[in-house]
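All ligand and atom numbering here is 1-based and tracks the order in the structure.
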Amino acid sequence: MSRKPIVAGNWKLNKTIKEAIDLVTQLKRLISGTQNVEVVVCPPYTALGEVSEVLMESGIHTGAQDLFWEEKGAFTGEVSATLIKEAGARFVIVGHSERRQFFQETDETVNKKTRAALAGGLTPIVCVGETLSQREGGKTFAVVGAQVKGAFAGFSADQMGRLVVAYEPVWAIGTGKVATPAQAQEAHGFIRKEVGKMFGDEVSGSLRIQYGGSVKPENIAELMREPDIDGALVGGASLEAAGFADIVKNAGIAALK
Ligand code: PEP
């Protein structure tokens with residue numbers, strides 16, 4: 001089953017509006033003509049509108065880094081799918097490990113946010129992944145399996161068919177310690193199998209699963225060669241246009257093979 005690779009940049013709490021515009025203006029030039037990879041940048045909310053405008057008709061999409069599940073009301077500080085879409089975004093990251101770690105997100109809130117994103121017409125990028133102690137304790141599959149079951153509990157096959165999963169081992173995020181292609185493939189294969197058990201082979205076969213954790217221009221190609229790795233969610237290396245453009249280009253070349 002052919003799956004178009006997807007490379008997304010998660011800028012986290014970085015970039016003023018001006019810096020964001022500079023970055024995507026360069027990026028647009030550097031990756032113009034790249035066709036076999038879907039590209040997404042996820043700036044902070046404050047820059048989402050301007051960045052989306054710069055990228056209009058460039059083929060590069062924008063995404064938010066989080067959302068709230070309610071549509072509107074007395075929820076100070078929160079942002080809904082509708083507001084994100086109005087700002088020009090098509091994607092939204094849900095359940096990033098930093099949100100799980102620092103903002104008490106659980107599989108239950110990830111489930112509610114993912115539903116809200118889909119209902120609001122956004123494509124959620126749903127993050128799962130184990131910590132170092134969980135991996136060392138032999139609990140990787142139990143943890144990731146529970147995250148997958150929790151995130152997508154009660155979903156229809158149609159809902160599941162409209163989202164992206166990112167496998168991000170927490171020990172590889174921002175540490176420079178990338179999972180080996182074999183480690184990543186093992187987890188991706190496991191996730192696809194679990195999704196297959198829940199939703200059937202057609203849904204699991206077309207599900208795009210990104211790898212995230214210290215992806216760089218130098219390591220993306222070997223990861224992409226694995227059969228169940230369909231792109232990357234990139235943190236640090238997405239903050240600089242040339243490096244992110246090289247990741248996109250190398251992912252595209254690897255996907256052709
Ligand atoms: C991330 O935060 O999603 C991530 C993968 O970060 P980094 O690429 O910096 O490890």
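Judged purely by distance below 3.5 Å, without hydrogens or angles, the side chains of T131 and Q134 pair a donor atom with an acceptor atom.
Around ligand 1 you find N10, K12, H96, E168, A172, I173, G174, G212, G213, S214, L233, V234, G235, G236, each with a heavy-atom distance below 4.0 Å.
Of the candidates V24, V54, I31, I31 is the only one forming a side chain to side chain contact (heavy atoms under 4.5 Å, CB included) with I60.
Figure legend: cation-pi geometry between K113 and W69 absent, as NZ or CZ is not positioned both under 6.0 Å from the six-membered ring centre and within 45° of its axis.
Applying the side chain to side chain donor-acceptor pair (under 3.5 Å) rule to R162 yields the partners D158; only residues at least two apart in sequence or on another chain are considered. In this view, W171 and E130 satisfy the side chain to side chain donor-acceptor pair (under 3.5 Å) rule, not counting sequence neighbours.
Grouped with I93 in one hydrophobic cluster are I6, V40, F91, I125, V164, L233, the linkage being side-chain heavy-atom contacts under 4.5 Å among Ile, Leu, Val, Met, Phe, Trp and Tyr residues.
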